[in-house]
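See below for the structure under consideration.
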Amino acid sequence: MTDPEAGQTTDPEAVLGALVQRAVAAELGPAYADADPLIRPSDFADFQSNAAMSLARRADRRPRDIAELVADRLAAAAAVASAEVSGPGFINISLADDWIAGQASAQLDDPRLGVPRAEQPQRVVVDYSAPNVAKEMHVGHLRTTVVGDAVVRVLEWLGHEVIRANHIGDWGTQFGLLLEHLLDVGEQAAYEQLAAGEINVFYQAAKQKFDDDPAFAERSRRRVVSLQSGDPETLRLWQLLVHDTEQYYSTIYQRLGVMLTDADLAPESFYNDMLADVCDELESLGVAVISDGALCAFPPGFTARDGSPQPIILRKSDGGYGYDATDMAAIRYRVRDLGADRLIYVVGSDQSLHFAMIFAVARQAGWLTDKVRADHAPIGMVAGADGKRFRTRSGGSVKLSSLIDEAIDRAEEVIRDRYDDPEQRHQIAQAVGIGALKYGDLSVARDSRYVLDLDRLLALTGNTGPYLQYAAARIRSIFGRAGLDPAAVRSGPIELGTAAERALALRLLGFGRAVEDVTLAAEPHRLAAFLFDVASAFTTFYEQCPVLQAPTPTRQSRLALCALTLRVLVTGLGLLGIGVPERM
RNA sequence: GCCCCGAUAGCUCAGGCGGAUAGAGCGACUGCCUCCUAAGCAGUAGGCCGCAGGUUCGAGUCCUGCUCGGGGCGCCA
């Protein structure tokens, strides 16, 4: 165990946890050194430890007696102002003001703001976004894209090596009709339409012809065969189609400020050459068997509608490969060739069964071992007004690009009278609108299903991205008025004269824990909630504590606290992929 | 039929590994711009945590059953 009062972390819970563990071990014996200190936020103090009650039975002592002994030892620690027993054995712990102030000063001086790098860096493949070629990116792609992006940023900042994998759908039978339609309209016209984002028009026209024109349908079927058999001209057309829509994704990603680039494409077709070998290996391992003419794997514990074993279908009876095979190939490739320690699939919750089965088969095959962790991070579906799954048919879909436009327009509307310069106005509106949009999706649990509500998603007041951006802008404004560069303020001393200052400083110390929490289950909303608490604590401080007008020692301290708050907000929002405008 | 997810304030949602009096935003209602940005702040009202049992010192949280909603379950991806 590390020294509880040393090390890089500023996290009070970690520090108190170590203190409680040490005290428990001293009172009850070394066998108790690893007991969970059960540190929780408290309504009655800064924190409480509930350890005494859980240890009472094991130690055959009365919980209050244990609590008294531990509390006495805690009270002697420099970090602790008071430790008192209450109720059945709660230990209410308040931290010393000068300890909080010292930690905050250290955090300000630390380039990493008290967030240590991972002790054991991993190589992590994060699979997210995954739009389909020649299909519109709609609102349903927003969350997987921004959640994946935030997870990637957090993992990288913690020192992990991240491989971004945009598993776009660029293969399958629908390409027959798309390619025939491409030939009909001409390459240039198709390019213009696709690059302009008129993707659904293109797709629906192709689909219409497929349904109405038997000759077209027949051509399409033949085209699929040509594609799969590697006919050079067909491949050329296919690449054209893929390239055109990739260009369109890129513009969306750039507008959203998402890290994905062409270099991160890991399309379905990438695995085509591996599929036969994947099937062979699974078959030779005895994991896959022929059933009704198809090559299937039957992972234990999965049963179908009629109670029979439930398969994944690797190779269809017609010899073609399905997406089960592609995903198996991707797992094998990512673990064996890329050397991944962890796989995170930020993919819709409707794929839960699929991933459970895929992972199970990969374990049977020995591709996933105890050393490799595979997570499906389910993304909740977007529902229509009827509460049911949001379907993109019948023109009811919301294009992601329109949503972005709307977000920026709404933000610009708010500041229309505030900034004369249209360029500046647009830049602010862009940062704020995109910030609102992304935060709106990042601040809820990623698997919560939701009815699309633009007013909620694009809100500019309350617990929103702009609220956090606004707090940062106000801090910058303070420094601007003082003619100071906030980045230059790197040291205290910080003094905590008021409750608002203390509450803000204490809150800031939890930054590292909040960042860490994101990686546990790929949940950026935990960081979002923390940042909202920080901004909220700051605005209370802002209302109550004049900074520039304060007398000298207090002024310096408050400037330091502001500088620290700004850096935590900007860094934290950056980890969520949200930019912060200089002014608002 | 089986499996997964959900049900918390009027609405949208948070609630690490079980802790004391269940939180936030929006909406409603009261106040607050001679003062570092009112995209803000302070406050009030609003709860059978779906229902019924169980586990235990203690359950929104864990277990069982049920109700309702969503999703999934052999050759689409």
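The chains referred to below are lettered A, B, ... by the order of the sequence lines, with proteins before strands, and numbering in each begins at 1.
Taking atom C1' on both B:U64 and B:U21, the two are 30 Å apart, rounded to the nearest angstrom. Taking atom P on both nucleotides, B:A52 is separated from B:G18 by 24 Å, rounded to a whole Å. Nucleotides B:C63 and B:G6 place their P atoms 11 Å apart, quoted to the nearest Å. When the P atom is used for both B:A42 and B:C57, the distance is 41 Å, rounded to whole Å. Between B:G31 and B:A38, the distance separating the two C1' atoms is 14 Å to the nearest Å. Remark: the separation of the P atoms in B:C73 and B:C26 is 40 Å, to the nearest Å. Nucleotides B:C5 and B:A28 have their P atoms positioned 38 Å apart, rounded to a whole Å.
With its glycosidic angle within 90° of 0, B:C33 is assigned syn.
The pair A:Lys207-A:Asp211 meets the salt-bridge criterion, since a charged nitrogen lies less than 4.0 angstrom from a carboxylate oxygen. With salt bridges taken as basic N to acidic carboxylate O contacts below 4.0 Å, none links A:Asp324 and A:Lys316.
Under the 3.5 Å distance criterion, with hydrogens and angles disregarded, no donor-acceptor pair is assigned to the side chains of A:Asp447 and A:Ser349.
The shortest distance between the side-chain N/O atoms of A:Arg555 and the OP1/OP2 oxygens of B:C36 is not below 4.0 Å. Checking the phosphate oxygens (OP1, OP2) of B:U37, a side-chain nitrogen or oxygen of A:Ser477 falls inside 4.0 Å. When the side-chain nitrogen and oxygen atoms of A:Thr539 are compared with OP1 and OP2 of B:C41, one or more of them lie within a distance under 4.0 Å. At least one side-chain nitrogen or oxygen of A:Tyr467 sits closer than 4.0 Å to the OP1 or OP2 atom of B:C41. The side chain of A:Ser443 contributes no N or O atom lying less than 4.0 Å from OP1 or OP2 of B:A14. Residue A:Arg558 has no polar side-chain atom (N or O) positioned under 4.0 Å from OP1 or OP2 of B:C36. A sub-4.0 Å separation between OP1 or OP2 of B:C17 and a side-chain N or O of A:Ser54 is absent. Contact between the side-chain N/O atoms of A:Arg481 and the OP1/OP2 oxygens of B:U37 is found at a separation under 4.0 Å. Contact annotation: A:Lys135 side-chain N/O to B:A77 OP1/OP2 distance is not under 4.0 Å. The phosphate of B:A77 (OP1 or OP2) has no side-chain N or O of A:Tyr323 nearer than 4.0 angstrom.
Rounded to an integer number of Å, the gap from A:Arg418 CZ to B:G40 C1' is 11 Å. Rounding to whole angstrom units, NE2 of residue A:His376 and C1' of B:G72 are separated by 12 Å. The CZ atom of A:Arg449 sits 5 Å away from the C1' atom of B:G70 (whole-angstrom rounding). When rounded to the nearest whole Å, the span between CG of A:Leu38 and P of B:G58 equals 17 Å. A straight line from CD1 of A:Ile358 to C1' of B:A77 spans 12 Å, rounded to a whole angstrom. The CE-P distance, from A:Met328 to B:C75, rounds to 19 Å in whole Å. For the pair A:Tyr439 OH and B:C13 P, the computed distance is 15 Å after rounding to whole Å.
Checking B:C17, B:C13, B:A24 against the side-chain heavy atoms of A:Asp36 singles out B:C17 as nearest. Residue A:Ala445 has its side chain nearest to B:A14 when only B:A42, B:A14, B:U21 are considered. Picking from B:G19, B:A38, B:A39 the nucleotide with the shortest atom distance to the side chain of A:Pro466 gives B:A39. Side chain of A:Arg474, nearest nucleotide from B:C36, B:G74, B:U37: B:U37. Between B:C36, B:A14, B:A38, one nucleotide has an atom nearer to the side chain of A:Ile478 than all others, and that is B:C36. The A:Thr540 side chain lies nearest to B:C41 when the options are B:C41, B:A39, B:G19. The nucleotide whose nearest atom lies closest to any side-chain atom of A:Glu543 is, among B:A24, B:C36, B:C41, B:C41. Closest approach to the A:Glu13 side chain among B:A39, B:G16, B:G19 is made by B:G16 (side chain taken as heavy atoms from C-beta onward).
Taking the six-membered ring for Trp, A:Phe538 and A:Phe541 have ring centres closer than 6.0 Å. Taking the six-membered ring for Trp, A:Tyr323 and A:His354 have ring centres closer than 6.0 Å.
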Next item on the list: Mark up nucleotides 1-11 of chain B, 5' to 3', with B wherever a protein heavy atom is under 4.0 angstrom from a base atom, S wherever such an atom reaches only the sugar-phosphate, and - elsewhere.
Entry: BS---------
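We find that the ring of A:Phe90 and the base of B:A20 stack, their centres lying under 5.5 angstrom apart and their planes tilted less than 30°.
Interface residues of residues 514-532 of chain A facing RNA chain B, ordered by number: A:His525, A:Arg526, A:Phe532; criterion, heavy-atom separation under 4.0 Å.
Base contact: A:Asn92 has a heavy atom under 4.0 Å from a base atom. Residue contacts shown for A:Tyr450 are limited to sugar-phosphate atoms, with no base heavy atom under 4.0 Å away. Nucleic acid contact for A:Asp292: base, since at least one base atom lies under 4.0 Å from a heavy atom of the residue. Within the nucleic acid shown, A:Gly172 has no heavy atom closer than 4.0 Å to any nucleic acid atom. Among the protein residues, A:Ile312 comes within range of no part of the nucleic acid, since none of its heavy atoms lies under 4.0 Å from any strand. When heavy atoms are screened at a 4.0 angstrom cut-off, A:Arg57 is found touching the sugar-phosphate backbone but no base atom.
Evaluation of atom-type donor-acceptor distances gives a pair under 3.5 Å for the side chain of A:Ser86 against the base of B:A20. At a cut-off of 3.5 angstrom, counting only N and O atoms as typed in the model, there is no donor on one side facing an acceptor on the other between the side-chain of A:Asp170 and the base of B:A77. Donor-acceptor pairing under 3.5 Å, judged by distance alone, is present between the side chain of A:Gln48 and the base of B:A20.
Between A:Asp350 and A:Ser291, it is A:Asp350 whose nearest contact on RNA chain B lies nearer the 5' terminus. Summary of the strand contacts: A:Gln351 and A:Arg583 both lie near RNA chain B, and taking for each the nucleotide with the nearest heavy atom, the more 5' one is attributed to A:Arg583.
We find the CG-CG distance between A:Asn272 and A:Leu227 to be 8.5 Å, quoted to the nearest 0.5 Å.
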Next item on the list: Please step through ring pair (Phe, Tyr, Trp, His ring centres under 6.0 Å) for the pair A:Tyr542 and A:Tyr470, ending with a clear verdict.
Entry: CA-CA 12 Å; A:Tyr542 182 86; A:Tyr470 186 59; 8.3 Å; no
Item checked: Derivation and outcome, side chain to side chain donor-acceptor pair (under 3.5 Å), residues A:Asn463 and A:Tyr439 -> CA-CA 9 Å; A:Asn463 183 357; A:Tyr439 187 90; 2.6 Å; yes
Next item on the list: Report the C-alpha separation of A:Glu413 and A:Arg416 in whole Å, then their side-chain angles, then the decisive distance to 0.1 Å, and conclude whether the salt bridge (charged side-chain N to carboxylate O under 4.0 Å, His left out) test is met.
Entry: CA-CA 5 Å; A:Glu413 180 65 24; A:Arg416 194 170 42 178; 2.9 Å; yes
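Both cation-pi conditions hold for A:Arg58 and A:Tyr32: the charged atom is under 6.0 angstrom from the six-membered ring centre and inside a 45 degree cone around its axis.
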Next item on the list: Under 3.5 Å for both distances, Watson-Crick or G-U wobble, that's the pair rule; now give the dot-bracket for RNA chain B, with | marking pairs to another strand and [ ] for crossing ones.
Entry: (((((((..((((.....[...)))).(((((.......))))).....(((((..]....))))))))))))....
